[in-house]
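Worksheet: one structure, shown below.
Every heavy atom of this structure was used, including side-chain atoms; hydrogens, water molecules and symmetry mates were not. Residues: numbered from 1 along the sequence shown. Quantities reported herein were computed from a predicted structural model and do not represent experimental measurements.
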Amino acid sequence: MKNLFTRLMLVAVAAMGIVACQTEPVIYVPEVNTFDMTIIADGDTRTELDGTSINWSAGDKLSVVVNNSIKTSNALESATTTASFTVKDVTASDSVSVYTIQAVYPADANKEPRGTNYPNVYKIETATMQTPSTTSFDGAADMLVAKEVTTTEQPSELKMQFTRLVALGEMTLTEFTPESAIKSVTFSTSTPDVALTGRSYVNLSTTEVEYGYNTQAFKNVVLNYDGTEDWSKGYTIYFTCFPAELTTDFTVVVETTDGTEYTKTVTLDGKTLSFTAGDMTRFKVNMEGTKVVVADNTDVLDLDFTGRPVSTSYGDWGSVDGNTSAKYAGNSAGGNNSIQLRSKNNNSGIVTTVSGGKVTKVVVTWNSNTTVGRTLDVYGKNTAYVAATDLYDSTKQGTLLGSIVCGTSTELIIDGVYQYIGMRSNDGAMYIDKIQITWAEMTADDEVPAEPLAKPSDLKAEVTENTIKVSWAAVTGATSYKVSINDDEKTTDTTEDTNYTFTDLTAGTEYTISVVALGDGETTTDSEEATIKAVPTSDIITTYTFSDYAAGTQYAVNEAHKLDDVLTITTTQCHFTTELRIYSSSTHDGYAIGTLAKGTIKKLGFNAGNKSDILNVYGSTDGSTWTLIEAVSVDSSTSAYKDYTVDFGDTNYTSFKLDVDGANQIRVKTLTLTYAK
């Protein structure tokens with residue numbers, strides 16, 4: 001359906017001089033379970049546009065629904081005004097008393113029924129990414145729905161009448177003289193509650209349609225060209241879209257093959273630009289004075305996932321199209337003939353490599369199964385991604401460059417020099433049909449920045465009456481560390497050690513200590529800052545990290561773990577792994593009892609998580625009679641670990657008890673005990 005003046009548009013539109021076919025169905029009884037469907041538009045009943053006939057094209061197919069069973073017709077072998085589509089293997093049964101036949105063009109647009117609660121309603125999609133010619137809209141983005149035919153006889157041949165349910169746009173660009181061929185044109189709008197493309201729900205019995213349903217709608221249409229089109233008669237852009245009324249503004253972005261970009265936003269100032277189903281809206285856009293952005297020596301890598309087999313497995317797909325200057329790799333699930341990025345899943349992501357170049361832009365073609373508003377985070381690095389799992393590791397994911405939001409945006413311009421790009425879902429499952437990665441060759445002025453060092457981890461503080469010793473895990477690539485206390489009050493650089501002791505501190509004063517890893521030479525880069533708070537006191541504070549201890553027996557009964565000469569923890573129906581896991585009272589009635597060999601408890605701090613609800617903390621002087629100190633509300637909205645503190649006050653408790661009140665277990669990574677001798 002590539003030529004506007006050789007394309008069949010079977011719908012009556014008086015303003016365009018289109019006269020629709022008005023023939024009645026002719027029914028025949030077949031001897032076999034197949035039937036031919038013939039759509040005729042010739043002679044005096046021929047559909048016309050401005051006096052020119054519009055024909056069916058080679059390769060056209062219909063989606064035919066027979067008694068709610070979807071079939072796809074054969075493809076036409078050549079363009080014709082009399083189109084004959086054959087649908088094979090239609091099931092016939094003596095028990096069928098009525099045959100109901102419906103049809104949709106193009107065949108691929110008819111996805112599936114909406115659901116059992118919506119009889120005769122089907123999901124039909126109008127493509128956001130379209131491929132028109134200089135004289136025609138893209139037939140794959142059309143939507144023709146036939147008038148339903150019902151018969152009590154098994155049909156073999158039908159004549160059906162079609163109605164177009166999308167609008168046609170003819171946009172002419174004036175005062176426009178690009179220096180190279182057009183690569184793409186994007187037409188978009190910010191008018192509230194208006195969608196241009198995406199999913200519609202169509203009742204095939206009544207042809208009533210609900211355009212741009214809910215989260216499956218987009219506010220733009222992207223027209224792609226191969227760079228060989230003849231624009232000698234002017235720059236006229238054809239597209240299809242939902243019926244819509246634009247009242248605020250619209251934006252036209254033209255990108256050419258040399259990397260130049262022309263952008264024009266038209267403010268309507270109280271006027272309305274209307275698109276009507278079955279009708280063509282003609283309008284002009286003056287491109288004089290448009291913004292030009294030039295990226296020299298650019299090329300584009302197209303990652304097209306629509307042709308890949310549907311897969312439910314995870315794996316590294318390697319190079320998508322064999323391009324040697326960039327490649328795709330990642331652990332992601334395929335589905336719906338798109339790539340599927342799982343919701344917050346550390347096995348799901350996209351990583352790309354550009355050899356000898358820098359990425360300047362990422363353009364995403366959303367599949368309509370993606371919920372509008374979900375964001376695709378884009379990261380940049382100058383060291384290779386090993387796998388998509390790197391995107392979920394803060395030490396490996398690189399720099400967050402920005403996000404692309406489904407239904408709002410389709411592209412991200414990238415400033416800076418990045419040879420490796422990673423993409424991951426930020427807030428839910430999403431489906432992507434295509435990704436275009438524009439990259440430019442490196443120039444002498446491009447400096448590849450050193451990668452930021454990892455954020456120091458595992459910060460721990462040992463506190464006495466007037467000192468704090470802070471320690472941390474070594475950071476790969478670091479040559480020194482900057483350690484600061486209370487806004488750089490005291491600072492030192494360490495070259496080898498991963499600890500530092502601050503002395504002469506004031507008891508009772510809270511101190512904030514930060515650690516930053518530093519690189520070397522001209523490429524010195526600071527890592528992210530890691531911070532920890534501590535209060536010097538006459539009391540003794542000890543932090544127990546459970547991953548440092550041997551794992552116990554799962555569901556152990558009265559299993560004692562002597563952590564040091566001060567504290568012993570007895571686990572009942574719970575166990576150690578790398579954490580202390582306490583099972584809930586509603587499942588295994590688990591709890592943990594801590595007994596001090598010397599001293600009385602002043603405070604308990606713990607880093608805990610796993611979506612528990614309440615953790616009851618008790619105190620005791622004899623280890624058998626318990627008093628509730630505090631019912632701690634552990635954040636149940638996320639499994640992330642957080643710090644909690646329970647103050648025992650001026651008591652003489654020598655034992656504590658941790659008991660989960662709820663349906664979930666709680667997991668404790670560290671326990672900080674403050675006690676008085």
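- Looking at heavy atoms from C-beta onward, Thr651 lies out of side-chain contact with Thr600 at the 4.5 angstrom threshold.
- Both the sub-6.0 Å distance and the 45° axial angle are satisfied by Arg424 relative to the ring of Tyr392.
- A perpendicular orientation is assigned to the rings of Trp626 and Tyr618, their planes being inclined by more than 60° (bins at 30° and 60°).
- A distance-only check finds no donor-acceptor pair linking the side chain of Thr674 to the backbone of Lys602 [under 3.5 Å].
- From Ile468, atom CD1 reaches atom OG1 of Thr503 across 10.5 Å, with rounding to the nearest 0.5 Å.
- At least one donor-acceptor pair under 3.5 Å links the side chain of Tyr481 to the backbone N or O of Val475.
- Within 6.0 Å of atom CG in Asp622, more than 12 heavy atoms from other residues, nucleotides or ligands are found, so the atom counts as buried in its surroundings.
- Two residues are said to be in side-chain contact when any heavy atoms from C-beta on lie closer than 4.5 Å; Val362 and Ile404 meet this criterion.
- For the residue pair Ser403 / Asp377, a side-chain donor-acceptor distance below 3.5 Å is found, with atom types taken as modelled.
- The CG atom of Asn369 sits 10.0 Å away from the SG atom of Cys406 when rounded to the nearest 0.5 Å.
- For the pair Lys381 and Tyr385, the cation-pi criterion (under 6.0 Å, within 45° of the ring axis) is fulfilled.
- Pairs of residues two or more places apart, or lying in two chains, that qualify as salt bridge (Lys or Arg N to Asp or Glu O under 4.0 Å) and include a residue from residues 560-570 are Asp565-Lys598.
- In this structure, the ring of Tyr420 has its center no less than 6.0 angstrom from the ring center of Tyr418.
- Below 30°, between 30° and 60°, or above 60°: for Tyr500 and Phe502 the angle between ring planes is above 60°, a perpendicular geometry.
- If you take OG1 on Thr570 and OH on Tyr591, they are separated by 9.5 Å, rounding to the nearest 0.5 Å.
- A donor-acceptor pair is defined here as one N or O able to donate and one able to accept, closer than 3.5 Å; such a pair exists between the side chain of Arg374 and the backbone of Ala429.
- To the nearest 0.5 Å, atoms CD (Glu579) and CD (Gln665) are separated by 8.5 Å.
- A donor-acceptor distance shorter than 3.5 angstrom exists from the side chain of Asn382 to the backbone of Gln419, with no hydrogens or angles considered.
- Taken to the nearest 0.5 Å, the NZ atom of Lys396 stands 11.0 Å off from the CG atom of Leu391.
- A donor-acceptor pair under 3.5 Å links the side-chain atoms of Ser620 to the main chain of Thr625, judged by distance alone.
- Side chain of Trp366 to main chain of Phe218: no donor-acceptor pair is present (N/O by atom type, distance under 3.5 Å, no hydrogens or angles).
- The shortest distance between side-chain heavy atoms of Leu628 and Glu630 does not fall below 4.5 Å.
- At least one donor-acceptor pair closer than 3.5 Å links the side chain of Thr370 to the backbone N or O of Tyr431.
- Looking at Asp433 and Asn367, their side chains do bring a donor and an acceptor atom within 3.5 Å of each other.
- Side-chain N/O atoms of Ser471 and Asn499 include no donor and acceptor closer than 3.5 Å.
- The side-chain contact (heavy atoms from CB on, under 4.5 Å) test with Phe606 is passed by exactly one of Leu673, Thr543, Thr645, Leu615: Leu615.
- Atom CG in Leu604 sits 15.0 Å away from atom OH in Tyr644 (nearest 0.5 Å).
- When each of Asp643, Thr670, Thr672 is tested with Asn607 by the rule side chain to side chain donor-acceptor pair (under 3.5 Å), just one qualifies, namely Asp643.
- Between the side chain of Ser514 and the backbone N or O of Thr531 there is no donor-acceptor pair closer than 3.5 Å.
- The pair Lys460-Asp548 meets the salt-bridge criterion, with a side-chain N (NZ, NE, NH1 or NH2) lying under 4.0 Å from an Asp/Glu carboxylate O.
- Asn486 places a side-chain N or O within 3.5 Å of a backbone atom of Thr512 that can act as its donor or acceptor partner.
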